[in-house]
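As structure tokens, the structure follows; a few thoughts come after it.
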Amino acid sequence: MTSEAREAKGATAKGATARPELPKAYVPAEFEAGIYERWLAADVFAPDGAGSRADPSLPTFTIIQPPPNITGSLHLGHAQRTAVEDLYIRHARMRGHRTLFLPGLDHASIAAQYVLDKLIATEGETRESLGRERYLERMWQFINATREVMLTQQRGLGASVDWKRLRFTMDEGSAKAVRVAFERLYRDGLAYRTEALINWCPGCRTSVSDLETIPTPETGTLWTVRYHLIDPATGQPSPSETISVATTRPEAILGDTAVAVHPDDPRYSGFVGRSARVPFVERDVPIVTDAAVDRAFGTGAVKITPAHDPDDYELGKRHGLPMITVLDDAAAINDAGDGYTGLDRYEARRRIVEDLDARGDLVAATPHEMVVGRCQRSNDVIEPRLKTQWFVRTRPLAEAALAATRSGETRIVPARFDKVWEHWLTNIRDWNVSRQLWWGHRIPAWYCPDGHITVTSDPAGPDACEVCGRPASELVQELDIFDTWFSSGLWPFSTLGWPDATDDLRTYYPTSIMETGHDILFFWVARMMMLGLHLTDAPPFHTVVLSGLIRDERGVRMSKTRGNSIDPLDVMAESGADAMRFALIHGGTPGLDQRFGHQKLETGRNFANKLWNASRFVLGARPAGVPSDAERQAPDPDRLGLVERWIRSRTAATIEAVDRGIAEHLLPEVTRALYDGIWSEFCDWGLEMAKARLADASLSAAEREATWWTLVESIDTFIRLLHPVMPYVTEAIWAATPHDGADPELLVVASWPASTGRDAAAEEAVGEVLDLVRGIRNARAEANIEPGAWLAATVFAPDDVRSAVSALGSVIERLARVRPLTVAATGVAAAASAGALAVVTGRLEASLSRPATAGAATAEVATAGGVDRERLERELGLVEGRLAGARARLADPRFLERAPAHVVDGARASEADLAAQAASLRAKVGR
RNA sequence: GGGCGGCUAGCUCAGCUGGUUAGAGCACUUGCUUGACAUGCAAGAGGUCACUGGUUCGAGUCCAGUGUCGCCCACCA
């Protein structure tokens, strides 16, 4: 039967298509898209998909994707998120777990409005000009476009998500979860409405949380202003009696309701209890004492504006001071600021300073280093301001979150973030969840004319005021929406159907790993934890894995405005998704930021290319006796030589290292183990040794087949191990490699390899021989032997390794380019023959010379002086140095006494080897 | 004002619970179209592990402190 006929028959018999050959060139763009389509067609991503091979008796493994903001396209940070999450998911899937990787998108209310406002501005529109309804229509239109871009990017990355479970924080499921969550919190006394000092962004026209207020250092001005005391006799300000206060915000004068001094400050003791007149508004305010006043700052007297400063607010509450709001939504002066009404805050400031100066009450103006809060989104200076808003009481929620991490129920990786977590949750303040925006979930609270509050999760709203029974028709719903992070905070369970007791919730919750950037630990992770524990009675995830941020090649944080952001699609088009995933994972030390640049991508692409070509070689080296459609089989254990045993042992070592890396969440260790195992060991040595075996005519056909099956086995193992990192190239190779009956059609659902165990004897013997090969190559290079020249060699080996060296003869010949090769007992030729190159490595030695040829009697290869002394002297120096070190250590009784036995034994063995090596080298150089 | 992190080869970074000679990629030098791969192969050069002190038989690794860069938290007018 011809091979073609056999292949055709095999294909027919098994009903399978013939294995394709790997194309010669590795071009990721040519196969990546097709492979993703095959995965989708086979329905292998979903835990309950038709192609799933999960073992239902194993625990489920769930990752809910941190939903990217729907405001635009994905950047490299998202790509990194996805790469890491997909690695965990693919690994768990191959281990047979039912895995759910649930994709999603976040409506990002404030960020989305910020982007859309800019967009409609180019069309000559504003939020106000459109009105709430048309604005929201416009928003949906906008996000329906961005959504497609983002989902395309996700597919390109190779994310093995369950698309039929795709969720959005503005979908009906999320809306319901938000309503129910809020009602629960309200009924449990954990959500309340009150007037409080909040952070107001005049640009976004909304309040923002403390986290969204970025403290920004700035050089401002500290103005010293004179307030006139009231003369008790006349009730009028005294021209001469004054008290000077310092302020960085003169416009806030308009809202002053007191002047405060320290109770023990002798400078002002006479003023306490009297009144001072606030300029412009001509209001008389008391001079009060409060220990919060810093006597050393400014003049030691401070003007108090309770409605516009957090310190003043607290002080005002303590002293029962009136709170006068002087700024409107746009941060212009309102009606309370008589004479300045309508002026922008900074214009008002300028005018007030001028006017104070004109009155002669401006004492000083000095530059002042200070910190102002700016809006995370718009960068506007935040104004503290009194507003009636909804808050979530965080203290009890935070305590539960702390208990979960302290007990180890939930673990944070890397562990050092525990401290940050503890500190933040211990000092947490109540969470302002009201936003005066339109794009988001409207707060389900209704108010009746008497001011009663009714909260309900019923989408139709309440029937009546739950306090006084007024009918629904008289109630008005809150206009404010929720902070976008409120819906995100429900994400791990709202996506699984909560508040309903769905199958998904029961099966996949709590989730396994929450992987995200450390920059949103508080914004998001802490809130999911707090809300999850309260609403579902379970911590929403077992492990929090915090990744670093992606920076550009110069270490600058990537952003679109800086113009240094990279579109993952561009990267993938150029280098392939695999290369990008490898680079992102390889550089992602847990919790640390990484710089990302071209060279790292090249490393990834080259690595994929290496594996591709190694696979091509192995597949092409199939011995004649093995049919092309043969099922994959383990190599015959009775026909394994040292080379095969070494390859299998090193492959097992790679499996172990990869398993360890994943278990410990040290993903760069995973890629490092794969890179070294595949490239530096398997390709550089394993394949090269195997070539010698495959070409060795003295071996039986069965032995050569065992060699080949060993290579196939390693390739098979490597593509399985590498699949979670580089899913495409490994799947492509899988299609071309032999499989057995237990293997599925697609690698994505193949089983995870198990270590076949290490072979210490083989590793040791081959290791010694490889050292010798390196030594010979080195000597040849230094002696300027032509690379192609064959030298005759005698290898001297101690008794216990001599047979191993002999068995590896063909390997040594091929790799060191020596022939003929003779193996002799150590000590047979202690002194090198004249003109021969001497090589001493570890316990092995070699002597190299020109093979005798018909025409030339000379066998000299070394430099004119016979042995090349210089090199041997240098080696001897090194060895003697190490020997001296080893002896010094062994001479120290405290070392012998206190170091553990295996360390001492190791030192003794090393001393013996070094001594022998030194003796041999000394003999060679004639010392 | 607290807290955390980085500081290791020219560049970018590994180095887990302390154990002989500190690694990789890129860049560099020399030489190779060796029938898997020039997206490659071989050989090589390059580091007082920021500094000071301590613990230890032994410190890049642990402790204390210093410097420097960066990040997080924090209501001083």
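Order of the sequence lines fixes the chain letters, A, B, ..., with proteins taken first and strands second; residue numbering starts at 1 for each chain.
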Of the nucleotides [options], which has the atom closest to the [X] side chain?
| X | options | value |
| --- | --- | --- |
| A/Lys419 | B/G3, B/A36, B/C76 | B/G3 |
| A/Arg416 | B/G5, B/A77, B/A42 | B/G5 |
| A/Asp684 | B/A77, B/C13, B/C41 | B/C41 |
| A/Leu687 | B/C41, B/A36, B/G19 | B/A36 |
| A/Cys683 | B/A43, B/A36, B/U20 | B/A36 |
| A/Leu211 | B/U39, B/C73, B/A43 | B/C73 |
| A/Thr603 | B/A77, B/C41, B/G25 | B/G25 |
| A/Ala781 | B/C37, B/A14, B/A43 | B/A43 |
| A/Leu592 | B/U12, B/A14, B/A43 | B/A14 |
| A/Phe617 | B/A14, B/G19, B/A36 | B/A36 |

Check every strand shown and say whether [X] touches a base, only sugar-phosphate, or nothing at a heavy-atom separation below 4.0 Å.
| X | value |
| --- | --- |
| A/Asp892 | sugar-phosphate |
| A/Pro900 | base |
| A/Thr589 | sugar-phosphate |
| A/Ala886 | nothing |

How far, in whole Å, is [M] from [N] if one measures between their [atom1] atoms?
| N | M | atom1 | value |
| --- | --- | --- | --- |
| B/G18 | B/G58 | C1' | 8 Å |
| B/U61 | B/G2 | P | 26 Å |
| B/U12 | B/G6 | C1' | 13 Å |
| B/C72 | B/C16 | P | 27 Å |
| B/A43 | B/G25 | P | 12 Å |

(message) Using a strict threshold of under 4.0 Å (side-chain N to carboxylate O), is an ion pair present between A/Asp771 and A/Arg774?
(response) yes
(request) Would you mind checking if A/Arg817 and A/Glu786 are paired as a salt bridge, meaning a charged N to carboxylate O distance below 4.0 Å? (result) no
(request) Decide yes or no on side chain to side chain contact (heavy atoms under 4.5 Å, CB included) for A/Glu681 and A/Trp685, but give the supporting numbers first. (result) CA-CA 5 Å; A/Glu681 295 191 334; A/Trp685 294 111; 5.6 Å; no
Strictly below 4.0 Å: does [X] bring a side-chain N or O up to OP1 or OP2 of [N]?
| X | N | result |
| --- | --- | --- |
| A/Asn613 | B/G40 | no |
| A/Asn606 | B/G25 | no |
| A/Lys691 | B/A36 | yes |

(message) So if I apply the side chain to side chain donor-acceptor pair (under 3.5 Å) rule between A/Glu782 and each of A/Arg874, A/Arg777, A/Arg871, which one comes out positive?
(response) A/Arg874
Is there a donor N/O on one and an acceptor N/O on the other, under 3.5 Å, for the side chain of [X] and the base of [N]?
| X | N | result |
| --- | --- | --- |
| A/Lys610 | B/C37 | yes |
| A/Glu688 | B/A42 | no |
| A/Asn609 | B/C37 | no |
| A/Arg882 | B/U21 | yes |

Close side-chain approach of [X] and [Y], heavy atoms under 4.5 Å:
| X | Y | result |
| --- | --- | --- |
| A/Leu521 | A/Phe523 | no |
| A/Ile304 | A/His319 | no |
| A/Leu687 | A/Leu711 | yes |

(request) Using atom CD1 of A/Ile678 as one end and atom P of B/A24 as the other, report the distance to the nearest whole Å. (result)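 In whole Å, B/A24 P lies 18 Å from A/Ile678 CD1.
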(message) Could you spell out the base pairing of RNA chain B as a dot-bracket line? Use Watson-Crick and G-U wobble contacts where both distances are under 3.5 Å, [ ] for crossing pairs, | for partners on a different strand.
(response) (((((((..((((.....[...)))).(((((.......))))).....(((((..]....))))))))))))....
(request) With RNA chain B as reference, determine whether A/Glu669 or A/Arg889 sits nearer its 5' end, using the nearest nucleotide of each. (result)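 Nearest-nucleotide comparison on RNA chain B picks A/Glu669.
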(request) Hey, which sits more toward the 5' end of RNA chain B by its nearest nucleotide, A/Ala907 or A/Thr248? (result)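 Taking each residue's closest nucleotide, the earlier one in sequence belongs to A/Ala907.
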(request) Using the six-membered ring of A/Phe617, assess whether NZ or CZ of A/Lys691 lies under 6.0 Å from its centre and within 45 degrees of the ring axis. (result)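 A/Lys691 over A/Phe617 ring: yes.
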(request) Can you tell me which residue pairs pass the side-chain hydrogen bond (donor to acceptor under 3.5 Å, both in side chains) test with a partner in residues 601-611 of chain A, sequence neighbours excluded? (result) A/Asn609-A/Asn613
